[in-house]
There are 2 protein chains.
Amino acid sequence: MHFKEIIATIKTRRKSLQVTQEEVSELSGVSLRTLKQFESSKGNLTMANLQKLCDTLGLEIKLTVKEIHR
Amino acid sequence: MHFKEIIATIKTRRKSLQVTQEEVSELSGVSLRTLKQFESSKGNLTMANLQKLCDTLGLEIKLTVKEIHR
DNA sequence: CCCAAAAGAGCACTATAATGCACTTTAAAG
DNA sequence: CTTTAAAGTGCATTATAGTGCTCTTTTGGG
C-alpha cells in the first residue's frame with residue numbers, strides 16, 4: 001500500500017465506524033489538527049501517531065515481503 | 001503488528017538480503033543516522049521514511065481491519 | 001435555501017524527527 | 001588476540017511534525 005491508499009483506508013474506516021475526526025482525536029490521543037492534516041493528505045505522520053490511529057480504528061499494520069509478479 | 005515487530009521485520013529483511021545499513025541508506029535516501037536509530041529502537045520514524053525503507057527492501061505496508069477473536 | 005456540524009486551512013509556536021560528524025562498541029575472520 | 005567492517009551512540013544543528021486557536025468551506029438534514 002502506498003501513502004494515498006493508507007490515508008484512504010483510514011478515512012474510509014473512520015467513516016464506516018461513523019465517528020468524527022474529533023472523536024478519533026480524543027480516543028487516540030492524536031491531536032485534531034494533526035488528524036485533519038493527515039486525512040487531507042498534508043503532512044507526514046510519525047509511526048507513533050499512525051499506530052495510535054490504527055489502534056483506535058481497529059486497523060492492523062502489516063509489513064509483508066512483496067511478491068514478484070512475472 | 002506493533003512497533004517492535006515492524007522494526008524487527010525490517011531489520012531481519014535487510015539481513016536476509018545481506019545488505020548493510022549503509023547500503024540501504026544510500027539506496028533508500030534515508031540517512032544512515034536515521035536508519036541506525038530506527039533499527040536500534042530509538043526514534044519515531046515518519047511514514048515517508050518508513051515507506052522509503054520498505055520500497056528499498058521489497059516490503060509492503062498493509063492496513064487491514066483487525067479481526068475480532070472470540 | 002438555511003442551519004449546524006464536520007472538515008479543511010492559515011498562522012505561530014513548540015517538540016522532536018532528520019541529519020552530519022566523530023567516537024565507541026560489537027561481531028566476524030584470520 | 002588482532003584487525004576491520006558494521007552497528008550503535010553523544011552532541012549539535014536544521015527541518016519539519018505536532019499542536020492550539022481562529023476562521024473558512026463543505027456537507028447533510030430539515
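In what follows, every chain begins at residue 1, and chains take the letters A, B, ... in the order their sequences are listed. Keep in mind that what you see is a predicted model, and the values were worked out from it rather than measured.
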Rounded to 10 degrees, the angle between the two terminal axes of the helix from dC1(C)-dG30(D) to dG30(C)-dC1(D), each from five pairs: 70°
Interatomic spacing from [atom1] in [X] to [atom2] in [Y] - rounded to 0.5 Å:
X	Y	atom1	atom2	answer
L45(B)	K52(B)	CG	NZ	9.5 Å
L59(B)	K62(A)	CG	NZ	14.5 Å
K36(A)	K42(A)	NZ	NZ	13.0 Å
L35(A)	E22(A)	CG	CD	10.5 Å

Nearest whole angstrom, please: distance from the C1' of dT19(D) to the NZ of K52(A). 12 Å
Whole angstroms only, please: what is the CG-C1' distance between L50(A) and dA17(D)? 14 Å
Opening and closing nucleotides of DNA chain C in contact with chain A, under 4.0 Å to non-hydrogen atoms: dA6(C) to dA17(C)
Who are the side chain to side chain donor-acceptor pair (under 3.5 Å) partners of [X], not counting sequence neighbours?
X	value
E5(A)	none
S40(B)	none
T64(A)	none
D55(B)	none

Partners meeting salt bridge (Lys or Arg N to Asp or Glu O under 4.0 Å) with R13(A) (sequence neighbours left out): none
Between F38(A) and L53(A), is there a side-chain heavy-atom distance shorter than 4.5 Å? yes
With a 4.5 Å heavy-atom cut-off, do Q21(B) and V24(B) have their side chains touching? no
Please tabulate the protein-to-nucleotide N/O contacts below 3.5 Å involving nucleotides 28-30 of chain D, giving atom names and distances.
none

Return the set of residues passing side chain to side chain contact (heavy atoms under 4.5 Å, CB included) with A8(B) (not counting sequence neighbours), or none when no residue passes. none
Checking I61(A) now: which residues fulfil side chain to side chain contact (heavy atoms under 4.5 Å, CB included) with it, not counting sequence neighbours? L50(A), Q51(A), C54(A), I6(B), L63(B)
Which pair of heavy atoms, one from V30(B) and one from S25(B), lies closest together, and at what distance? O-OG, 2.8 Å
Nearest heavy-atom neighbours spanning S31(B) and T34(B): OG-OG1, 2.9 Å
Specify the residues of residues 7-26 of chain A, ordered by number, for which at least one heavy atom lies under 4.0 angstrom from an atom of DNA chain D. none
Does anything in residues 31-42 of chain A come within less than 4.0 Å of DNA chain D? Heavy atoms only, and list the residues if so. S31(A), R33(A), T34(A), Q37(A)
